[in-house]
Amino acid sequence: MSNEIEKIRIGQLEGPTIKANGRLLGSLAAPSRPFERWFGGDLWETTGGAYIADSIHFSDIDGEDDHHRALILYPDMPEQERRLAVMAHFNWTHQARALAKRLGWSLVVTVD
């Protein structure tokens with residue numbers, strides 16, 4: 001996690017380009033062994049308090065390009081809903097669970 005404000009620009013293959021200013025809360029860990037395709041991601045918090053979850057799909061296969069898919073979660077949403085939406089965006093992978101743990105997020109939902 002960084003407190004340094006950075007310019008964020010995320011170009012998506014299937015969606016708008018997102019521009020913002022914010023700080024990187026964390027990144028998904030890279031796989032420990034090489035694959036032809038793999039998944040990574042960054043979680044940003046903008047200066048306005050929104051989260052931007054940027055999933056990055058990498059490929060070493062000829063003819064395939066890396067691409068981004070981003071989700072914006074605005075600060076007027078309940079915090080737990082934003083956190084669960086981030087996890088869903090990152091497909092609840094073990095890398096996403098590790099990021100949530102580093103951020104101190106509870107992933108427990110209590111239902112009455």
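Remember, it's a predicted structure, so these values are computed and weren't measured experimentally.
In this structure, I56 CD1 and I10 CD1 are separated by 8.0 Å, a value rounded to the nearest 0.5 Å. Put simply, CD on Q12 and NE2 on H68 are 9.0 Å apart, with the number rounded to the nearest 0.5 Å.
Listed here is the closest heavy atom pair of L28 and G40: CD1-C, 3.8 Å. Closest approach of G22 to I8, counting heavy atoms only: N-CD1, 3.7 Å. What you find for F90 and G41 is that their closest heavy atoms are CE2-CA, 4.1 Å. Heavy atoms only, all atoms of each residue included: A20 and I52 are closest at CB-CD1, 4.1 Å. Across all non-hydrogen atoms, the minimal contact from G48 to P75 is O-CG, 3.4 Å.
For H89 (side chain) and R69 (main-chain N/O), a donor-acceptor pair under 3.5 Å exists by modelled atom type.
Sorted by first and then second residue, the pairs that involve residues 75-85 and meet salt bridge (Lys or Arg N to Asp or Glu O under 4.0 Å), not counting sequence neighbours, are E79-R82, E79-R83.
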Under 3.5 Å, sequence neighbours excluded: what are the donor-acceptor pairs made by side chains of residues 96-110?
{"unit_1": "R102", "atom_1": "NH2", "unit_2": "S27", "atom_2": "O", "d": "2.7"}
{"unit_1": "S106", "atom_1": "OG", "unit_2": "V108", "atom_2": "N", "d": "3.4"}

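Shown are T46, L24, T47; of these, the side chain to side chain contact (heavy atoms under 4.5 Å, CB included) with I5 is made only by T47.
Contact check for E6 versus W44: side-chain heavy atoms found under the 4.5 Å cut-off.
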